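Okay, so here's the structure we're looking at.
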Amino acid sequence: MAPAFLWNSSKTVCVMDASGQLGSALVRRLLQRGYTVHAAVHDQELQCYKRQSIENKKLRVFNSDPLDYHSIMDALKGCCALFYSFELPSDNPTYDEYMGEMEVRAAHNVLEACAQTDTIDKVVFTSSATAVIWRGQHHHTTTTTTLPPHHLDEKNWSDVNFCKKFKLWHGLSKTIAEKTAWALAMDRGVNMVSINGGLLMCPNLSIKDPYLLGAAEMFKDGVFVTVDIEFLVDAHICVFEDSSSYGRYLCFNRIINCNEDADTLANMLLPSSPLSSPPHTLEENRVYHQQRISNEKLNKLMVEYESGLQEEEASADDV
């Protein structure tokens, strides 16, 4: 992949929703790389970003709601790309059927707005690994399980009916919203790629994170994956800057498939819980569940991305 200065990082991009953990990290990294950034945020974060925009002329702030088509259009004006992620509203931070419908409507509005914006060359759509992993067994079962007979990758989709049956609202919402976005992108000729990220490991991660519904089944089936914020941001910028990127990309840099890792996560989520399981023996800690999910497609692209960053740094040193 060409270094960013050859890709032309002087262009303007939009980040929506820029108020979330991923969005705010993307804004910082894109500004560092020389882009002009339109940060589309909700009311709560507007003043904070406006103060930052006074200090950095490459940052413009927009009060934008993904359910308000016109506010999306305003934020996209003059942008060559959009980084889009759906963030739960602060007054309703849980997933249910209603929230799923809201996320689907938002995805439709955003892709339609991109189709109507002539300057948009690419959309990076943030989805989730939960739009990949939830599938029932081929035979009759009464338990919640992914149980893939083979490794899962970007070609796989979660089963919508399965998600409804077991009230896996996060997987259901992400699956339908991403499928809605892909259908509209293909129909309207929008160049889109998606990042299907694992559980985002961040300081404010809690047991209430909607991704964690069904965590025990993910663990047993070898598909419980996590991602660090820095790696997730790198992946987004990588698929944006590399003109050869296409389709979906599973994004994770760790898999939780042994008892020791599961205990570490449980203690982080519930540090003082009296319900924490007793320590496993050394033999129990060595028990692994076979990994049944692959991010090989993204890893190949990231190798080129990192090589491009090294070239960029070397060229800057030579100047």
Side-chain angles (χ1 to χ4, degrees), residues 85-88 92-108 111 125-186 192-200 205-227 247-252 254-257 262 265-266 269 289-298:
S85 60
F86 179 83
E87 296 288 340
L88 291 172
N92 189 12
T94 57
Y95 267 96
D96 52 24
E97 286 184 278
Y98 168 75
M99 193 54 61
E101 293 172 0
M102 181 184 294
E103 182 166 3
V104 172
R105 292 202 306 272
H108 183 277
L111 265 294
F125 186 95
T126 306
S127 185
S128 172
T130 60
V132 173
I133 63 173
W134 289 117
R135 307 173 68 205
Q137 282 181 291
H138 295 296
H139 55 78
H140 179 71
T141 180
T142 58
T143 59
T144 308
T145 177
T146 57
L147 285 180
H150 57 281
H151 280 64
L152 297 176
D153 60 19
E154 295 83 0
K155 295 187 290 294
N156 297 105
W157 285 90
S158 288
D159 186 320
V160 169
N161 292 326
F162 183 84
C163 290
K164 287 180 180 178
K165 179 179 179 180
F166 292 104
K167 296 181 169 54
L168 298 164
W169 303 126
H170 188 269
L172 179 66
S173 300
K174 295 300 180 185
T175 302
I176 299 178
E178 188 189 347
K179 283 190 172 185
T180 298
W182 276 115
L184 191 52
M186 289 186 284
M192 186 178 106
V193 292
S194 69
I195 294 288
N196 294 73
L199 174 67
L200 179 57
L205 180 65
S206 79
I207 193 65
K208 295 181 180 180
D209 192 299
Y211 188 105
L212 289 168
L213 185 61
E217 287 73 28
M218 296 184 213
F219 173 65
K220 293 174 185 176
D221 298 337
V223 296
F224 191 2
V225 291
T226 68
V227 63
R248 308 169 83 203
Y249 289 87
L250 267 167
C251 180
F252 59 90
R254 187 170 187 179
I255 181 161
I256 298 176
N257 63 340
L265 178 61
L269 296 173
H289 296 281
Q290 181 184 356
Q291 178 174 339
R292 292 192 174 96
I293 188 167
S294 171
N295 61 348
E296 182 180 358
K297 181 182 176 185
L298 177 64

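From a predicted model like this one, the values you see are computed outputs, not experimental measurements.
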Who passes ring-ring contact (aromatic ring centres under 6.0 Å, His included) against Phe86, sequence neighbours left out?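 Listed in chain order: nothing, the list is empty.
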
Under the ring-ring contact (aromatic ring centres under 6.0 Å, His included) test, residues paired with Phe125 that sit two or more places apart: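 Counting only residues at least two positions away or on another chain, Phe125 forms a ring-ring contact (aromatic ring centres under 6.0 Å, His included) with Tyr84.
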
Under a 3.5 Å distance rule, please check whether [X] uses its side chain to pair with a backbone N or O of [Y] as donor and acceptor.
{"X": "Ser194", "Y": "Thr126", "value": "no"}
{"X": "Asn295", "Y": "Leu298", "value": "no"}
{"X": "Asp96", "Y": "Tyr98", "value": "yes"}
{"X": "Asn156", "Y": "Asp153", "value": "yes"}
{"X": "Asn257", "Y": "His289", "value": "yes"}

Just by distance, no angles: are the side chains of Thr130 and His170 close enough, under 3.5 Å, to form a donor-acceptor pair?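 Side-chain D/A pair, Thr130 to His170: present.
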
Do Lys174 and Tyr211 have side-chain N/O donor and acceptor atoms under 3.5 Å apart?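 No.
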
Partner of Ser294 under side chain to side chain contact (heavy atoms under 4.5 Å, CB included), chosen from Glu296, Gln291, Lys297: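 By the side chain to side chain contact (heavy atoms under 4.5 Å, CB included) criterion, Ser294 pairs with just one of Glu296, Gln291, Lys297: Glu296.
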
Considering the options Val104, Val160, Asn161, Asp159, which one meets the side chain to side chain contact (heavy atoms under 4.5 Å, CB included) requirement together with Leu172?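 Per the side chain to side chain contact (heavy atoms under 4.5 Å, CB included) rule, the option paired with Leu172 is Val160, out of Val104, Val160, Asn161, Asp159.
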
Minimum heavy-atom separation for [X] to [Y], with atom names?
{"X": "Asn196", "Y": "Ser128", "answer": "ND2-O, 3.0 Å"}
{"X": "Trp134", "Y": "Gly214", "answer": "CH2-O, 3.4 Å"}
{"X": "Val227", "Y": "Gly198", "answer": "CG1-O, 3.6 Å"}
{"X": "Ile256", "Y": "Phe219", "answer": "O-CD1, 3.3 Å"}

All side-chain hydrogen bond (donor to acceptor under 3.5 Å, both in side chains) counterparts of Thr175, not counting sequence neighbours: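 By the side-chain hydrogen bond (donor to acceptor under 3.5 Å, both in side chains) rule, Thr175 matches no residue at all.
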
Applying side-chain hydrogen bond (donor to acceptor under 3.5 Å, both in side chains) between Ser127 and each of Lys179, Glu178, Arg248, report the one that passes.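 That would be Glu178; it is the only one of Lys179, Glu178, Arg248 passing the side-chain hydrogen bond (donor to acceptor under 3.5 Å, both in side chains) with Ser127.
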
Decide yes or no on salt bridge (charged side-chain N to carboxylate O under 4.0 Å, His left out) for Glu97 and Lys164, but give the supporting numbers first. CA-CA 9 Å; Glu97 286 184 278; Lys164 287 180 180 178; over 6 Å; no

Please examine the side chains of Leu168 and Leu213, heavy atoms only from C-beta on, and report whether any two atoms are closer than 4.5 Å.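 Contact flag for Leu213/Leu168 side chains = yes.
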
